[in-house]
Amino acid sequence: MAFDSLTDKLQNVFKKLRSKGMLTEADVKEAMKEVKRALLEADVNFKVVKQFINSVSERAVGEEVLKGLNPGQMVIKIVKEEMDKLMGSETTELKLLPSNEITVIMMCGLQGAGKTTTVAKLAGQFKNKGKRPLLVACDIYRPAAIKQLEVNGEKVGVPVFTMGDGHKPVNIAKAAIEHASKNNINLVFIDTAGRLHIDEDMMAELQEIKENISVTYTILTVDAMTGQDAVNVATSFNDKIGIDGVILTKLDGDTRGGAALSIKAVTGKPILYAGMGEKLTDLEQFYPDRMASRILGMGDVESLIEKAQNAIDEEKAKEMEQKIKKASFDFNDLLDQMEQMQKMGGMNDILKMLPGFSSNKQLKNVEIDDNAMNMPKAIILSMTPQERSNPDIINPSRKKRIADGAGVQVSEVNKLLKQLEQSRKMMKQMSGLMGGKKRGGFKLPFGF
């Protein structure tokens with residue numbers, strides 16, 4: 001994640017604070033120097049850092065803190081609270097108009113920030129919430145921009161309105177609103193042209209759209225990997241056309257992450273979502289308190305629980321519980337388990353949401369292969385439906401066909417069959433020991 005280096009440095013500072021039975025003003029001052037250095041190295045705006053350090057120091061040197069039962073923990077608590085404030089304290093949600101009206105969201109940003117992919121991600125999320133979205137292709141300049149939007153729209157199941165590149169963006173936007181009103185669409189996303197830098201002509205184009213269309217929200221997409229440039233871009237767009245919020249992309253990348261800690265404080269505009277990967281499902285609501293917890297190495301259990309709830313099918317979970325009791329687990333069930341686990345992201349990402357595992361430092365000696373499920377999944381997909389449901393019929397000739405289909409050796413097929421058999425025996429033993437009592441949840445077999 002973007003904040004791994006910052007997290008490691010802050011963890012070292014906190015370790016020193018926790019090791020002291022009592023704190024002096026000098027201890028706090030020294031700790032704040034290290035925090036300040038870490039934040040500046042993470043590319044946090046220097047004015048924001050200065051204000052942050054002053055706020056923490058003012059609260060941390062109070063008599064109540066220095067003479068408290070656990071002064072180190074109290075200082076860390078203050079840092080956490082001030083970091084929450086820095087990023088906005090409360091989560092900002094997009095409040096859409098009533099379903100009989102059309103909410104219009106105009107997306108803007110520089111080229112390369114991931115705007116066109118992000119708008120499809122956002123439209124897909126609202127579609128899953130029961131809205132009726134439409135994507136509008138107003139980027140008539142970048143080669144293949146319209147095609148990219150159409151491809152992404154198809155992937156998330158959202159229609160795309162396009163008039164090609166022979167019309168002015170403002171006219172395309174007006175025609176799209178008319179199309180939406182005639183087709184029972186209540187949410188319109190306008191994908192505007194990106195720009196290599198702050199371009200006055202294109203800014204005027206955005207302003208023209210806003211003057212002719214009733215835009216509900218103007219959202220800026222910025223690349224977290226550009227650091228302070230992202231903050232400068234956000235400031236420029238806000239000054240010239242006015243924005244209502246920001247979506248930070250590539251926050252999962254190898255970047256210092258200072259933009260996330262600076263944008264709200266500098267522009268006054270909230271971060272709405274964070275792009276955490278390339279898949280069209282990798283867009284997370286931005287929770288300042290949860291992000292602060294991740295940065296400080298405290299994990300993010302709430303987001304992990306939400307990931308699990310979104311990934312796990314409750315009906316399938318109940319069916320699985322019954323199958324485990326009867327030891328009738330088969331390859332169809334294993335395939336379901338692997339797909340649900342993959343929906344939650346890689347194991348490295350999942351572990352980083354747990355307290356104590358939130359930085360690379362704790363995980364550097366742990367080898368976790370996020371592709372570990374690819375081989376067994378390929379083997380299962382090479383089986384016939386009958387073989388998946390009844391593995392006992394898989395004879396040597398079937399094993400050879402399955403291995404060839406998956407591109408593996410027959411020994412790998414034998415290994416998977418043996419693991420399934422061992423898991424069934426284990427489930428049967430557990431069921432007997434539990435006496436058939438109801439159990440909450442189940443574990444993915446084979447150590448994935």
Side-chain angles (χ1 to χ4, degrees), residues 94 96 102-129 131-196 199 201-203 205-206 208-210 212-213 215-223 233 237 241 243-250 272-284:
L94 295 175
L96 306 188
I102 300 175
T103 299
V104 180
I105 297 176
M106 185 172 77
M107 301 287 289
C108 53
L110 296 184
Q111 279 187 23
K115 174 179 55 61
T116 299
T117 301
T118 299
V119 70
K121 289 180 180 182
L122 194 55
Q125 285 200 5
F126 278 104
K127 177 180 178 290
N128 292 337
K129 293 177 182 178
K131 299 299 178 182
R132 301 182 295 278
L134 175 72
L135 291 166
V136 182
C138 282
D139 184 351
I140 61 173
Y141 307 103
R142 181 169 63 89
I146 295 173
K147 182 63 178 176
Q148 182 188 356
L149 189 65
E150 288 175 328
V151 170
N152 287 340
E154 185 177 357
K155 287 180 180 177
V156 296
V158 175
V160 175
F161 181 88
T162 174
M163 293 170 62
D165 58 7
H167 297 268
K168 289 182 65 177
V170 65
N171 292 332
I172 296 172
K174 288 162 73 173
I177 300 300
E178 187 177 344
H179 172 82
S181 63
K182 292 177 180 178
N183 290 273
N184 198 30
I185 290 167
N186 56 14
L187 178 57
V188 171
F189 290 93
I190 300 176
D191 181 34
T192 64
R195 44 202 41 76
L196 294 172
D199 182 295
D201 290 338
M202 286 195 177
M203 284 293 184
E205 184 176 279
L206 295 176
E208 185 179 19
I209 292 174
K210 292 189 75 170
N212 287 272
I213 299 294
V215 175
T216 316
Y217 294 106
T218 301
I219 299 177
L220 176 68
T221 303
V222 295
D223 183 348
V233 168
F237 270 83
I241 64 169
I243 61 173
D244 299 295
V246 172
I247 295 179
L248 272 181
T249 62
K250 307 177 189 177
L272 303 170
Y273 293 88
M276 303 301 291
E278 295 180 2
K279 292 187 292 186
L280 291 174
T281 53
D282 292 337
L283 186 69
E284 297 181 3

From [X] [atom1] over to [Y] [atom2], what is the distance, rounded to the nearest 0.5 angstrom?
X      : Y      : atom1 : atom2 : answer
Leu206 : Thr192 : CG    : OG1   : 5.0 Å
Ile177 : Lys182 : CD1   : NZ    : 13.0 Å
Tyr273 : Ile219 : OH    : CD1   : 7.5 Å
Glu208 : Ile213 : CD    : CD1   : 10.0 Å
Thr116 : Glu150 : OG1   : CD    : 12.0 Å
Leu280 : Leu122 : CG    : CG    : 12.0 Å

Next item on the list: Go through the steps for Met202 and Tyr141 under the test side-chain contact (heavy atoms from CB on, under 4.5 Å), then give the verdict.
Entry: CA-CA 11 Å; Met202 286 195 177; Tyr141 307 103; 3.7 Å; yes
Notebook entry, point to check: Which is it for Thr218 and Ile241 under the side-chain contact (heavy atoms from CB on, under 4.5 Å) test, yes or no, and what are the steps along the way?
Noted result: CA-CA 9 Å; Thr218 301; Ile241 64 169; 4.1 Å; yes
What I'd like to find out is whether the side chain of [X] reaches to under 4.5 Å of the side chain of [Y], using heavy atoms alone.
X      : Y      : answer
Ile105 : Thr103 : yes
Leu110 : Asp223 : no
Phe237 : Met203 : yes
Ile172 : Val136 : yes
Ile209 : Pro169 : yes
Lys127 : Val156 : no
Thr216 : Met106 : no
Leu135 : Val119 : yes

Looking only at heavy atoms, which two atoms of [X] and [Y] are closest? And how far apart?
X      : Y      : value
Pro133 : Val158 : O-CG1, 3.6 Å
Ile140 : Gly164 : CG2-O, 3.7 Å
Asp244 : Tyr217 : OD2-CA, 3.3 Å
Ala193 : Glu205 : CB-OE2, 4.2 Å
Cys138 : Ala173 : SG-N, 4.0 Å
Asp165 : Ile146 : N-CD1, 4.2 Å

Check: Above 12 or not: heavy atoms from other molecules or residues under 6.0 Å from NZ of Lys129?
Finding: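 Atom NZ in Lys129 is packed in, count exceeds 12.
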Are the side chain of [X] and the backbone N or O of [Y] linked by a donor-acceptor pair below 3.5 Å?
X      : Y      : value
Asn183 : His179 : yes
Asp199 : Asp201 : yes
Glu284 : Gly275 : no

Margin query: Between Lys121 and Asp282, does any NZ, NE, NH1 or NH2 come within less than 4.0 Å of an OD or OE carboxylate oxygen?
Written below: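 Answer for the salt bridge query: no.
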Checklist line | Cationic N near anionic O, under 4.0 Å, Glu178 to Lys174 | finding: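 No, no charged N to carboxylate O under 4.0 Å.
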Notebook entry, point to check: What's the verdict on side-chain contact (heavy atoms from CB on, under 4.5 Å) for Leu283 and Ile247, showing C-alpha distance, side-chain angles and the deciding distance?
Noted result: CA-CA 9 Å; Leu283 186 69; Ile247 295 179; 4.1 Å; yes
Checklist line | Derivation of the side-chain contact (heavy atoms from CB on, under 4.5 Å) call for Cys108 and Thr221 | finding: CA-CA 6 Å; Cys108 53; Thr221 303; over 6 Å; no
